[in-house]
Amino acid sequence: MKRTHSCGQLRASDIGGEVRLCGWVRSYRDHGGIVFVDLRDRDGITQIVFDPTDSAERHELARQLRAEWVISVGGKVRPRGADRVNPKLPTGEVEVIATDLVVLNKADTVPFDPETAKDVAEETRLKYRYIDMRRPEMTRNLVVRSKIAQAMRRVLDARGFLEVETPFMTRFTPGGARNFLVPSRQHPGTFYALPESPQLFKQILMIGGLDKYYQIARCFRDEDLRADRQMDFTQLDVEMAFVTEQNIMEMTNEVMREVCTAAGKSFPDQPLIMPYKQATDEYGIDRPDLRFEMKLRDVSEIAKASTFKVMTDTLAKGGVVKGLAAPGGAKFTRKEIDAYIAYAGDFGAKGLAWTKLENGQFAGGSAKFFDAAGQAALRERLGANDGDILFMVADEVDAANKALAALRCKLGADLKLYSPDAMAFCWVTEFPLLEFSQQEQTWVSKHHPFTSPRPEDLDKLETDPGAVLARAYDIVLNGVELGGGSIRIHSPEVQARIFKRLGISDEEAKEKFSFLLDALRFGAPPHGGIALGLDRIVMMMVGAESLREVIAFPKTARGICPLTEAPGTVSARQLRELHIAITAKPEKS
RNA sequence: GGGGCCGUAGCUCAAUUGGAUAGAGUACCGGACUGUCGAUCCGGUGGUUACGGGUUCGAACCCCGUCGGCCUCGCCA
């Protein structure tokens, strides 16, 4: 019953050959006499012909065939003839005249047609994922994913990296995302935690002298899901000893170049490297979308001389006024402008000032608050041209950046400021090591507490924590963070200073991280690494709108798997064995 | 935890905005047909309008609640 070819393989050069194909019936066309079947496997489609004059019995069986039945067909490859070629199929020049037909399995009426599943409710697609993935586009996504994973392994293996697995069942360590916990049966009242990343293990591998490590690792984070976030997701995790930031970035460039090649895309020879400050100043965010310009500009000085009270008051309180000029935005209707104001509001903007530049002068909105000199200055500062619309936000600098960054991305998409297949990679570096958490009223790590500060900034750790820059770097594509990493702290003394700065006491550090602190004392080499989000990379490479399109069995926004209906309840006995008592009623039985 | 959009046949959608027996395409079943390729033609089966209340002479449509999906804010060191 073995196949001689896949269903996407046969060409004119195969004419005359005896073949056997296996696959799923995509469609059947019964002409009363002759019967055509389109046979599909993951490689393609081949037309099978059943001729009643060959065998009445086989022809009768062929007439029974229905969509998605699984069959095996033996036959001979023959040309279709010039007027019968199907240009839509790579195999369209040939067909297989069947000499044998075996029904391997029938199929119930399928809940939806795999060919048109793109239009089916996503929940239904996920419930019947095995049908959905017969759809060529879905198959292709998983094929590209596999090719990308192989490309990563190929590059790293060739460069002498070791693939090492780290445990899923590990110890809870504080900080970062909420962990999934696994109760211990053998040790009542204790829990394993699923790792949010293999961070500590890969550092310990470096201390262990493994030198160059990688892993395509699953990570687990119990946070709310989004189009680009799953509770379990995959990272290419890499760590190297005796390296600088440049070494890691070069290695990553090489990996990404091979990944892009595997996906039929291109990667720049030398991706742009942008300091964090420039990214936030000009794009309002640490992951700038460089497919289009439209930079943010600080217009505080100009606004100060205006009569716009909201702006002058904000400036008086130490805030800023920033803005941008959207090319061609003067055509927006009042309704569209209101929608942008509401959109900026979703991202925290209390207001959004606007004015249009038409026929050489400002018109409408907030133009009236600026005198001629002010208007000229705005125009110059924002690089505005006739036909543009100006948007401005007055707020604290972080809030203004956040709202304008979101607005900028929406305007870029709405105004079609870039081509749909544009790919703009860049590195963002020189991140602050720490940021002040208003919520916790303390300094917290921007990346993670094992990130090395720049040596020249070390002295500022106690005096001016916000000014300490980290040896960290993020790689960004089209405004999406593909991954990030850092050079780590390898000195126990520096690590202790960081913990102290973060308000983690010696006792707490000892209790939570003793294994790492111990390891750092036994010959830790300088080391650093990076983690790249595999799911996001595949999503970007295939142009998908959601991570779920590139994950075989993803979960819904509320963390449900429609296929298995996970999570589910367990028996009272299982709970007893785990020493677990349920205090809440389950949502469903 | 908050906000927005959505839920009608297996699937994709409609129902003149509160009006009569909830329709169409597709799938499925039956029939016809020897060159189709989303085959075509004829006929047929198929509905707790997500669920539970309410308003009304009358509800797919309006109101309240619940469940589910998507997007999003918070959250994701």
Side-chain angles (χ1 to χ4, degrees), chain A residues 26-39 45-54 59 63 66-68 80-81 83-89 91-92 95 97 107-128 131-132 173-179 196-197 199 219-231 233 339 342-343 345-349 402-403 406 410 431 433-435 437 439-440 442-451 470 472 481 484 486 498 502 504 533 545-546 548 555-558 560 562 565 587-588:
Chain A
R26 180 184 77 148
S27 69
Y28 56 94
R29 296 179 290 279
D30 181 353
H31 286 249
I34 197 163
V35 173
F36 298 98
V37 167
D38 284 347
L39 192 63
I45 288 166
T46 300
Q47 175 165 285
I48 313 293
V49 184
F50 295 91
D51 190 325
T53 59
D54 289 344
H59 182 256
R63 297 190 70 178
R66 289 296 180 269
E68 303 305 318
R80 289 216 200 178
D83 56 332
R84 296 177 188 164
V85 165
N86 184 348
K88 287 188 244 171
L89 296 180
T91 63
E95 63 191 11
I97 177 73
D108 287 354
T109 302
V110 284
F112 55 86
D113 175 8
E115 297 299 311
T116 57
K118 188 72 184 170
D119 301 321
V120 175
E122 191 176 1
E123 194 183 7
T124 307
R125 288 175 50 206
L126 293 180
K127 182 173 181 181
Y128 302 98
I131 292 167
D132 187 37
T173 52
R178 187 181 295 115
N179 285 82
E196 58 194 274
S197 84
Q199 179 61 34
C219 305
F220 306 89
R221 296 180 187 178
D222 186 8
E223 300 290 348
D224 285 0
L225 289 75
R226 286 285 200 294
D228 61 350
R229 281 173 11 200
Q230 281 276 306
M231 58 171 62
F233 65 101
Y343 187 76
D346 289 342
F347 292 87
K402 184 176 177 181
K410 183 160 176 57
F431 283 87
L433 183 73
L434 306 165
E435 57 191 352
S437 166
Q439 198 183 326
E440 299 166 48
T442 178
W443 290 92
V444 296
S445 296
K446 191 161 177 63
H447 188 45
H448 57 53
F450 318 108
T451 301
E481 182 195 328
S486 62
I498 297 290
L502 295 173
I504 299 172
E545 295 287 323
S546 155
R548 296 183 296 272
K555 291 172 186 65
T556 67
R558 292 196 60 227
I560 304 291
E565 294 183 325
E587 289 174 19
K588 59 180 179 181

Pick base, sugar-phosphate or nothing for A:Asp119, based on heavy-atom distances below 4.0 Å to the nucleic acid.
sugar-phosphate
Reckon A:Val444 touches a base, only the sugar-phosphate, or nothing at all at heavy-atom distances under 4.0 Å?
nothing
Within the sub-3.5 Å range, which N or O atoms of nucleotides 38-46 of chain B have a protein N or O partner, and how far apart are they?
{"from": "B:G38", "atom 1": "OP1", "to": "A:Lys88", "atom 2": "NZ", "distance (Å)": "3.3"}
{"from": "B:G38", "atom 1": "OP2", "to": "A:Lys88", "atom 2": "NZ", "distance (Å)": "2.7"}
{"from": "B:A39", "atom 1": "OP2", "to": "A:Ser27", "atom 2": "OG", "distance (Å)": "3.1"}
{"from": "B:A39", "atom 1": "OP2", "to": "A:Arg29", "atom 2": "NH1", "distance (Å)": "3.1"}
{"from": "B:A39", "atom 1": "N6", "to": "A:Asp30", "atom 2": "O", "distance (Å)": "2.7"}

Nearest-0.5 Å distance, CD of residue A:Glu95 to CG of residue A:Leu39
13.5 Å
Paired to B:U8 by Watson-Crick or G-U wobble criteria (both distances under 3.5 Å) is none
Let's see if you can work this out: which of B:C29, B:C75, B:C70 has an atom nearest to the side-chain heavy atoms of A:Thr556?
B:C70
Considering all heavy atoms of both residues, which atom of A:Glu196 and which atom of A:Ala177 are nearest to each other, and what is their separation?
OE1-N, 3.1 Å
Report yes if a side-chain nitrogen or oxygen of A:Arg548 is closer than 4.0 Å to either non-bridging phosphate oxygen (OP1 or OP2) of B:C71; otherwise report no.
yes
Looking only at the side chain of A:Thr124 (C-beta and beyond, no hydrogens), which of the listed nucleotides B:C71, B:C11, B:C76 gets closest?
B:C11
Round to a whole Å and report the spacing from CG of A:Asn179 to P of B:A77.
10 Å
Which atoms form the tightest heavy-atom contact between A:Ser197 and A:Cys219, and what is the distance?
CA-SG, 3.9 Å
Is the phosphate of B:C73 approached by A:Arg226 (side-chain N or O, under 4.0 Å from OP1 or OP2)?
yes
Indicate yes or no: does A:Asp38 engage A:Arg29 in a salt bridge with an N to O separation below 4.0 Å.
yes
If you take atom types as modelled and just measure distance, does the side chain of A:Arg229 reach the base of B:C75 with a donor-acceptor pair under 3.5 Å?
yes
With the threshold set at 4.0 Å, does a side-chain nitrogen-carboxylate oxygen contact exist between A:Arg548 and A:Glu122?
yes
I need the CG-P distance between A:Asp346 and B:G2, as an integer number of Å.
17 Å
For A:Glu95, answer base if it contacts any base atom (sugar-phosphate contacts may also be present), sugar-phosphate if it contacts only those atoms, and nothing otherwise; contact means non-hydrogen atoms under 4.0 Å.
base
Rounding to a whole Å, what distance do you find between A:Leu126:CG and B:G68:P?
16 Å
In whole Å, I'd like the distance from the CG atom of A:Leu225 to the C1' atom of B:C70.
13 Å
Atom pair OG1 (A:Thr442) and CG (A:Leu502), whose distance is rounded to the nearest 0.5 Å:
7.0 Å
Report the residue (A:Asp224 or A:Thr109) whose heavy-atom-nearest nucleotide on RNA chain B is the more 5′ of the two.
A:Thr109
To the nearest Å, give me how far apart CZ (A:Phe112) and P (B:A27) are.
16 Å
With heavy atoms under 4.0 Å as the rule, sort A:Gln47 into base, sugar-phosphate or nothing.
base
Do A:Phe36 and A:His31 come close enough that some side-chain heavy atom pair is under 4.5 Å?
yes
Write down the distance between CD (A:Glu223) and P (B:C75), rounded to a whole number of angstrom.
10 Å
Contact class for A:Arg80 (heavy atom, under 4.0 Å): base, sugar-phosphate, or nothing?
base
Across the strands shown, which category fits A:Glu115 at heavy-atom distances under 4.0 angstrom: base, sugar-phosphate, nothing?
nothing
Residue A:Arg84, side-chain heavy atoms: nucleotide from B:G35, B:A77, B:C75 that is nearest:
B:G35
Where the chi angle of B:U36 falls, syn if within 90° of 0 and anti if not
anti
Under 3.5 Å for both donor-acceptor distances, Watson-Crick or wobble: does B:C76 have a partner, and if so which one?
none
Could you tell me how far apart A:Ile45 (CD1) and B:U36 (C1') are, to the nearest whole angstrom?
14 Å
Looking across every strand, which nucleic acid part, if any, lies under 4.0 Å from A:Thr451 by heavy atom: base, sugar-phosphate, or nothing?
nothing
Identify whether NZ of Lys or CZ of Arg in A:Lys410 sits under 6.0 Å from the centre of the six-membered ring of A:Tyr343 and within 45° of that ring's axis.
yes
For a quick check of understanding: with a heavy-atom distance under 4.0 Å over all strands, which category does A:Pro449 fall into, base, sugar-phosphate or nothing?
base
Taking side chain as C-beta onward, heavy atoms only, is A:Arg63 less than 4.5 Å from A:Phe50?
no
Candidate nucleotides B:C75, B:U12, B:A77, ranked by approach to the side chain of A:Val120 - the nearest:
B:U12
Whole-Å distance separating the NZ atom of A:Lys446 from the P atom of B:C76
12 Å
With respect to the phosphate group of B:C75, does any side-chain polar atom (N or O) of A:Arg178 fall under 4.0 Å of OP1 or OP2?
no
Taking for A:Glu196 and for A:Asp51 the nucleotide of RNA chain B with the nearest heavy atom, the one nearer the 5' end belongs to A:Asp51
